[in-house]
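Report on one structure; see the data block that follows.
Reminder, nothing fancy here: chain letters follow the sequence lines and each chain counts from 1.
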Number of protein chains: 2
Amino acid sequence: MKIYDKILTKNGKGEITSELKEKIIETSLKLFEKHGFHGVTVKDIVEACGTSKGGFYHHFQSKDELLYVIHDKFISYVLTRAFEAKDTYDTPTLQLYAIIQSFVKVFDLYKPHISVFYQESLYLKPQFDHLIKKKRDQYKKIIFDVINEGQQKGEFRKELAPEITGMSILGMVNWTHKWYRRDGEKTIEEIAAIFSDIILNGILTDAAIDQYQQLLLEKPAMKPNF
Amino acid sequence: MKIYDKILTKNGKGEITSELKEKIIETSLKLFEKHGFHGVTVKDIVEACGTSKGGFYHHFQSKDELLYVIHDKFISYVLTRAFEAKDTYDTPTLQLYAIIQSFVKVFDLYKPHISVFYQESLYLKPQFDHLIKKKRDQYKKIIFDVINEGQQKGEFRKELAPEITGMSILGMVNWTHKWYRRDGEKTIEEIAAIFSDIILNGILTDAAIDQYQQLLLEKPAMKPNF
DNA sequence: TGCGCAAGACCGACCGGTTGGTCTGTTCTA
DNA sequence: TAGAACAGACCAACCGGTCGGTCTTGCGCA
């Protein structure tokens, strides 16, 4: 006989939620990541949770709402960190550096969310899609703004179109969800450092590279010809 | 009364195929890109083609095989171009440059294929998945090989881990399918030029940057302090 | 040139399994 | 004891795939 978990608890954002609801989210996350939204049935989810259809539909209007909740969790987090970065630092280079650092690190924290996010966003119903799209656009805007400001202040090379540069950064980092493993060879910090290094070397002016030397990887002493 | 198209024709690779089969592929491509593999039924496809279930299953074993054909078309193309790049040029920098150029340009030619590829690869049945995975791994290997060779020859900075560098290039370029429009502000050649510039500036040694100056974007005369 | 015919191309009604979602009833908590 | 939390049998719609049949084409043969 199952003893029901009825204790109300609080999630990361201070919202009141139930243990079962959290468990459904976490369990479905793993299933979605592996088999995709349409490769997992509600039956699969409730069985993996040890609950029932009734339990599921008590907490979620529909399977689609569950997908929305998963999307929202990650995007809300990453957006908050980007706002923080803009507030904390006052030069575009430092802001961009901080954004990249937090953006990469988020893959360590929310990798399953992110995988589902990019794999299944096509299947979000319009009502939910609008909400997510808004936050995603906000995030892109922050990056574009930082790049524009950097070019105006002479820290970033003006010959690089800001929108394309922005998308190249988003692409490089976003793609991480396709290959990053927590138990892989490199830590998330090492990966973040390499990404930052490539991008900053790629888009900073010569003067700015000198100025922000400490953000870049150490250059090993160059041996003459080997 | 419908007049049947029975004329056999040849596709790009010289294979004999029928007009209906090509039409099914093209039509389903657009539908998949918009609504996803599971958002489109076989009924939707055959109605959009003006054919029937019978017509569809005469040309394809299953809906899954159709997905495979779409995947294979793009990946085969991009792989061929990468082999060509390795054969044609003899320094890692030029090889990497050529690979990036052809890799980016492919998005202009096969954007719907690529979108479906990255959106739906999770749903490929094992039998088809193995075939695709092989080609994808080959492509990654080419890029990693070029980077390793570039570091050994002193053209690429040794402090950047080759696997992470490779994935950053793949990510930056692959992400293009999420935002590129043929009627957008930048042409695919301009996008390719910017990507190449950021990456080469990001990973080449100072000596190599001087040597391969012509591959990079013109630096506008730097005004002293504005 | 015309005829007969086999085989490929295509049609579409139908089937069986699946799936998201419902509904009534039961158990737990405040 | 009210109402929230949950159980689980049930259902209607859907969807990939089948199958017997029809139409068209190309070819051997006279």
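Going from atom CD of B/Glu22 over to atom C1' of C/dA9 covers 16 Å, rounded to whole Å. Regarding A/Lys43, its NZ atom lies at a distance of 15 Å from the P atom of D/dA7, rounded to whole Å. The distance between atom NE2 of A/His38 and atom P of C/dT18, rounded to the nearest whole Å, is 17 Å. A straight line from CG of A/Asp44 to C1' of C/dT18 spans 11 Å, rounded to a whole angstrom. Counting to the nearest Å, the C1' atom of C/dC11 and the CD atom of B/Glu47 are 14 Å from each other. For the pair B/Leu20 CG and C/dG8 P, the computed distance is 17 Å after rounding to whole Å.
For C/dC11, the OP1/OP2 oxygens have a side-chain nitrogen or oxygen of B/Thr51 closer than 4.0 Å.
Proximity of the aromatic rings of A/Phe128 and A/His71 is defined here by a centroid distance below 6.0 angstrom, and this criterion is not met.
Taking a 6.0 Å sphere around NZ of A/Lys178, one finds it holds more than 12 heavy atoms contributed by other residues, nucleotides or ligands. Summarising the local packing, NZ of A/Lys140 is surrounded by 12 or fewer heavy atoms from other residues, nucleotides or ligands at distances under 6.0 Å. More than 12 heavy-atom neighbours from other residues, nucleotides or ligands sit within 6.0 angstrom of CZ on B/Phe144.
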Table of protein N/O atoms under 3.5 Å from nucleotides 13-16 of chain C N/O atoms:
none

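Shown for residues 56-70 of chain B: residues whose heavy atoms fall under 4.0 angstrom of DNA chain D, namely B/Tyr57, B/Ser62, B/Lys63. Looking at residues 27-37 of chain A, you'll see that no heavy atom sits under 4.0 Å from any atom of DNA chain C.
Residue B/Val46 is out of contact with every strand shown, counting any heavy-atom pair closer than 4.0 Å.
B/Phe74 and B/Tyr110 have tilted rings, their planes meeting at an angle from 30° to 60° on a 0 to 90° scale.
In this structure, B/Lys63 does not pair ionically with B/Glu120, as no charged nitrogen and carboxylate oxygen lie closer than 4.0 Å.
Not counting sequence neighbours, B/Phe195 has no partner by the ring pair (Phe, Tyr, Trp, His ring centres under 6.0 Å) test. A/Phe156 is linked by a ring pair (Phe, Tyr, Trp, His ring centres under 6.0 Å) to nothing, counting only residues two or more places apart in sequence or in another chain.
Contacts classified as side-chain hydrogen bond (donor to acceptor under 3.5 Å, both in side chains) and involving residues 24-35 of chain B (residues at least two apart or in different chains) are given here: B/Glu33-B/Lys111.
The side-chain tip of A/Lys21 points at the ring of A/Phe60 from less than 6.0 angstrom away and within 45° of straight on.
Residues B/Tyr180 and B/Asp108 bring a donor and an acceptor atom of their side chains to less than 3.5 Å of each other.
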